[in-house]
Student: 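Handing you this structure, nothing more for now.
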There are 2 protein chains.
Amino acid sequence: MTPEAVVRDESRTERKKREKLTRIMRTARQLFERKGFDATTMREIAAKADIGHGTLFLYARSKEDLLVMMFRDEVGRAVDEAIATVPRRRALIDQLLHVLGALVSHHERNVALARVFVKELPFVDDTRHGVAAFMANLLTHMAELIAGAQAAGELATEPPPKLLASNVFAIFFSVLQRWLGHQRIDAAERDSLIRARIALQLECFRGKTARRASR
Amino acid sequence: MTPEAVVRDESRTERKKREKLTRIMRTARQLFERKGFDATTMREIAAKADIGHGTLFLYARSKEDLLVMMFRDEVGRAVDEAIATVPRRRALIDQLLHVLGALVSHHERNVALARVFVKELPFVDDTRHGVAAFMANLLTHMAELIAGAQAAGELATEPPPKLLASNVFAIFFSVLQRWLGHQRIDAAERDSLIRARIALQLECFRGKTARRASR
DNA sequence: GGTCAGAACTGACCGTTGTCAGTTTCAACC
DNA sequence: GGTTGAAACTGACAACGGTCAGTTCTGACC
């Protein structure tokens with residue numbers, strides 16, 4: 001099924017819905033970025049998107065939901081690009097940080113909005129927007145990088161890649177939460193913490209070559 | 001300074017404030033537990049605590065804040081007790097799970113409230129209630145358990161205990177978020193995930209005896 | 001092209017949280 | 001015990017998010 005076919009198959013209703021959603025997302029992005037999350041009202045977004053404000057709640061269950069949908073799109077694209085440009089023949093940790101760094105970079109563009117996103121992320125209802133799919137995609141690719149390092153002998157083969165990827169992401173995410181949360185740490189400390197703590201999880205499983213060299 | 005001295009030094013204003021806070025917390029706990037978080041209103045809490053509802057906002061910046069204050073107290077006590085009863089001469093992971101398990105047990109009493117708490121925890125303003133102190137306390141004691149295992153030769157001495165404790169907690173917390181968040185996993189899966197993933201972080205640093213035995 | 005079921009849409013409405021200008025209470029000092 | 005400045009308190013108020021009964025649109029079928 002080509003994209004054209006998809007578009008052609010679309011009924012008028014479906015096309016209008018899609019266009020409306022696009023309009024909503026663009027408007028929301030503009031307002032959230034210009035005025036901030038709290039200062040933007042759902043009524044305002046609806047008015048600027050030229051729909052009744054009740055309609056807006058058919059597309060996003062809540063204001064937070066709207067922001068998560070928006071971020072999921074943007075962050076998803078950023079991560080996809082980062083995955084496509086992972087440097088080959090580099091240490092595993094640098095490859096992982098290449099991907100996770102893309103996430104950080106995106107969040108750095110607007111810390112206040114990122115805070116809301118990161119706060120909601122673990123709690124959104126995944127049946128609506130594809131947050132679960134986004135996470136699954138990210139973890140799968142991280143697991144592939146890990147499996148690659150295992151195949152190359154950089155890492156011991158015992159730990160299941162998926163489980164290790166989950167741990168690495170959990171560690172990363174906790175630093176992200178700390179950065180965006182109450183404890184105001186600066187960018188430098190954030191980055192060095194991310195590296196040090198992920199290294200602590202990977203280090204132990206360093207391949208036999210690496211381990212012998214270090215002892 | 002004995003507690004009596006503290007009480008004696010207290011002015012009438014200060015005593016009334018303290019009593020009012022106690023009354024607020026007790027009332028909030030009752031209502032939150034009976035009716036749930038959303039169904040309880042700030043006006044209702046204020047009325048039952050016999051204060052103007054504007055006053056309530058002098059004691060808790062928001063409704064979420066109120067819940068966090070309440071949980072911080074309860075969970076703090078639960079953790080302190082767990083720390084005091086850590087089994088000696090057991091594997092490190094069992095000791096850590098003894099403490100973290102106390103947290104889980106408490107949250108199991110009311111999952112809906114725990115969800116709000118866990119969602120807010122990384123983002124509360126730590127200058128008000130002692131959330132930062134609570135976390136510092138927990139991480140310090142976890143680090144002590146780790147240092148103990150290192151001294152006993154159960155664990156390699158390279159990893160800084162504090163850093164390792166942070167990682168263990170991050171991993172634990174991510175499973176907690178997943179349990180309370182969108183992906184509904186059951187208690188059994190939650191517990192086995194917690195154990196497996198923390199083991200993955202600790203395993204690598206198993207002391208020389210243990211490592212030799214396992215190879 | 002007429003009919004109809006259901007999907008999409010709307011805005012008046014509700015109850016909420018959180019604010020703030022004005023009021024009361026308090027303790028320290030004369 | 002009178003004065004006073006500040007801290008604690010209050011509830012009318014504003015503005016918001018979210019709901020839902022009623023309305024409009026749409027496309028499938030005869």
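Because the structure is predicted, anything quoted here is derived from the model rather than measured. Protein chains get the first letters and strands the later ones, always in sequence-line order, with residue 1 at the start of each.
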Student: Side-chain N or O of B/K20 versus OP1/OP2 of D/dA8: is the shortest distance under 4.0 Å?
Tutor: no
Student: If you look at every strand shown and take non-hydrogen atoms under 4.0 Å, does A/T41 touch a base, only sugar-phosphate, or nothing?
Tutor: sugar-phosphate
Student: Using whole Å, what does the distance between atom C1' of nucleotide D/dA8 and atom CG of B/L21 come to?
Tutor: 14 Å
Student: Drop me the distance from A/R72's CZ to A/L67's CG, to the nearest 0.5 angstrom.
Tutor: 13.0 Å
Student: Return the value, rounded to whole Å, for the distance between atom CD of A/E64 and atom P of D/dC16.
Tutor: 15 Å
Student: Measure CE/B/M42 against P/D/dA12 and give the value in whole Å, please.
Tutor: 18 Å
Student: Give me the ring orientation class for B/F57 and B/H53: parallel if the planes are under 30° apart, tilted from 30 to 60°, perpendicular past 60°.
Tutor: perpendicular
Student: Say whether B/H141 and B/N137, considering side chains only, have a donor N or O and an acceptor N or O under 3.5 Å apart.
Tutor: yes
Student: With no hydrogens and no angle check, is any side-chain donor or acceptor of B/R115 less than 3.5 Å from a backbone partner on B/L180?
Tutor: yes
Student: For the side chain of A/R43 and the base of D/dG17, is some donor closer than 3.5 Å to an acceptor across the two?
Tutor: yes
Student: NZ of B/K17 versus P of D/dA7: gap in Å, rounded?
Tutor: 10 Å
Student: Which class fits the ring pair A/H107 and A/F117: parallel under 30°, tilted 30 to 60°, perpendicular over 60°?
Tutor: tilted
Student: Starting at atom CD of A/E120, determine the distance to atom P of D/dG17, rounded to an integer number of angstrom.
Tutor: 14 Å
Student: Taking atom P of D/dG18 as reference, at what distance in whole Å does atom OH of A/Y59 sit?
Tutor: 18 Å
Student: Does either side chain, that of A/R34 or that of A/T40, offer a donor lying less than 3.5 Å from an acceptor on the other one?
Tutor: no
Student: Of all the choices, D/dC13, D/dG17, D/dC9, which nucleotide is nearest to the side chain of B/T55 once you look at every atom?
Tutor: D/dC9
Student: Could you tell me the separation between the CG atom of B/L58 and the P atom of D/dA7, rounded to a whole number of Å?
Tutor: 13 Å
Student: Counting only side-chain nitrogens and oxygens, does B/K16 get under 4.0 Å of the OP1 or OP2 atom of D/dC9?
Tutor: no
Student: When the distance from CZ of B/F57 to P of D/dA12 is rounded to whole Å, what number comes out?
Tutor: 16 Å
Student: Quantify the bending of the helix from C/dG1-D/dC30 to C/dC30-D/dG1 as the angle between its end axes, each fitted on five pairs, to 10°.
Tutor: 0°
Student: Would you say A/K63 reaches D/dG18's phosphate, i.e. side-chain N/O to OP1/OP2 under 4.0 Å?
Tutor: no
Student: Looking at A/F32, A/F71, A/F37, which one forms a side-chain contact (heavy atoms from CB on, under 4.5 Å) with A/V116?
Tutor: A/F37
Student: Which residue lies toward the 5' end of DNA chain D, B/I51 or A/D38, if each is placed at its nearest nucleotide?
Tutor: B/I51
Student: Under a 4.0 Å N-O cut-off, is there an ion pair linking B/R23 with B/D50?
Tutor: no
Student: Which nucleotide of DNA chain C is the first, and which the last, in the 5' to 3' direction, to come under 4.0 Å of a heavy atom belonging to chain B?
Tutor: C/dT16 to C/dA27
Student: Please determine whether side chain to side chain contact (heavy atoms under 4.5 Å, CB included) holds for the pair A/F123 and B/V118, giving the CA-CA distance in whole Å, both sets of side-chain angles, and the decisive distance to 0.1 Å.
Tutor: CA-CA 10 Å; A/F123 295 94; B/V118 166; 3.9 Å; yes
Student: State whether the side chain of B/E154 and the backbone N or O of B/L92 hold a donor-acceptor pair below 3.5 Å, judged by distance alone.
Tutor: yes
